[in-house]
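To start, the structure under review is shown below, and the notes come after it.
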Amino acid sequence: MPELPEVETIRRSLEPCLAGLSITGINPLYPSVLLPDAGMFSHVLPGLEIRRLCRRGKYLIVDLSGDWSLVIHLRMTGKLLWKPAPQPPALHTHVILSLSDGSELHFQDVRRFGRWRLVETAELC
């Protein structure tokens, strides 16, 4: 299970790759990972800019424009992998975010315990 230091390491490694980019699309390969539902993600996320990544405990928070945030918990086996160019999904890839520079963010989770929650940023305070 990624512990707090590992989540901070993930945040620090992903932020330079993602900050300032816009989300152009989402491919929910395993939609139950997305809360409240995959339809909301597909409707809200395209066009939003990733402002920054932060962490609260073991939760990774992706601060987005439009007063939205993604709250990601990796649970036991979740991984976030930045791909500089589109690639076919590897085994256990559940979500792919397409970004404005042509790169992608892949979420892999062997045990399917990880969750992404889309919330209004005001709810985090």
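The basis for the numbers below is simple: all heavy atoms, side chains too, and nothing from hydrogens, waters or symmetry mates.
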Item to check | Evaluation steps, side chain to side chain contact (heavy atoms under 4.5 Å, CB included), between Val62 and Val71 | outcome: CA-CA 6 Å; Val62 181; Val71 179; over 6 Å; no
Checklist entry - Taking Leu70 as the fixed residue, which of Leu64, Ile50, Val119 is the one that meets the side-chain contact (heavy atoms from CB on, under 4.5 Å) rule? => result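 Going through Leu64, Ile50, Val119 one by one, the side-chain contact (heavy atoms from CB on, under 4.5 Å) with Leu70 is satisfied by Leu64 alone.
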Nearest 0.5 Å, what's the [atom1]-[atom2] distance between [X] and [Y]?
{"X": "Arg12", "Y": "Arg55", "atom1": "CZ", "atom2": "CZ", "answer": "8.5 Å"}
{"X": "Leu118", "Y": "Leu35", "atom1": "CG", "atom2": "CG", "answer": "10.0 Å"}
{"X": "Leu80", "Y": "Cys17", "atom1": "CG", "atom2": "SG", "answer": "11.5 Å"}
{"X": "Leu21", "Y": "Glu49", "atom1": "CG", "atom2": "CD", "answer": "8.0 Å"}
{"X": "Asp63", "Y": "Ile61", "atom1": "CG", "atom2": "CD1", "answer": "9.0 Å"}
{"X": "Tyr59", "Y": "Arg117", "atom1": "OH", "atom2": "CZ", "answer": "8.5 Å"}

Can you see which heavy atom on [X] is nearest to which on [Y], and at what distance?
{"X": "Met40", "Y": "Pro36", "result": "SD-CG, 3.4 Å"}
{"X": "Arg11", "Y": "Glu8", "result": "NH2-OE2, 2.9 Å"}
{"X": "Leu53", "Y": "Glu15", "result": "N-OE2, 3.1 Å"}
{"X": "Pro89", "Y": "Ile96", "result": "CB-CD1, 3.9 Å"}
{"X": "Ser69", "Y": "Thr121", "result": "OG-OG1, 2.9 Å"}
{"X": "Leu97", "Y": "Ile23", "result": "CD2-CG2, 4.0 Å"}

Next on the checklist: Any carboxylate oxygen within less than 4.0 angstrom of a Lys/Arg side-chain nitrogen, looking at Lys83 and Glu104?
Outcome noted: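 No, this pair does not count.
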Checklist entry - Charged N to carboxylate O below 4.0 Å: is that the case for Glu3 and Lys58? => result yes
Donor-acceptor under 3.5 Å ([X] side chain, [Y] main chain):
{"X": "Ser13", "Y": "Ile10", "result": "yes"}
{"X": "Ser103", "Y": "Leu99", "result": "no"}
{"X": "Arg56", "Y": "Leu124", "result": "yes"}

Item to check | ring-ring contact (aromatic ring centres under 6.0 Å, His included) partners of residues 95-125, not counting sequence neighbours, each pair once | outcome: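 Those involving residues 95-125 are Phe107-Trp116.
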Next on the checklist: Applying ring-ring contact (aromatic ring centres under 6.0 Å, His included) as the test, list every pair that has at least one member in residues 82-103; sequence neighbours left out.
Outcome noted: Tyr30-His94
Next on the checklist: For a quick check under 3.5 Å, do Thr24 and Ser98 share a side-chain donor-acceptor pair by atom type?
Outcome noted: no
Next on the checklist: Side chains of Asp109 and Thr77 only: does a donor on one sit below 3.5 Å from an acceptor on the other?
Outcome noted: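 Yes.
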Item to check | Non-hydrogen side-chain atoms of Leu81 and Leu105 separated by less than 4.5 Å | outcome: no
Checklist entry - Below 4.5 Å, heavy atoms only, C-beta onward: do Leu29 and Val95 meet side chain to side chain? => result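 No - every pair of side-chain heavy atoms lies 4.5 Å or more apart.
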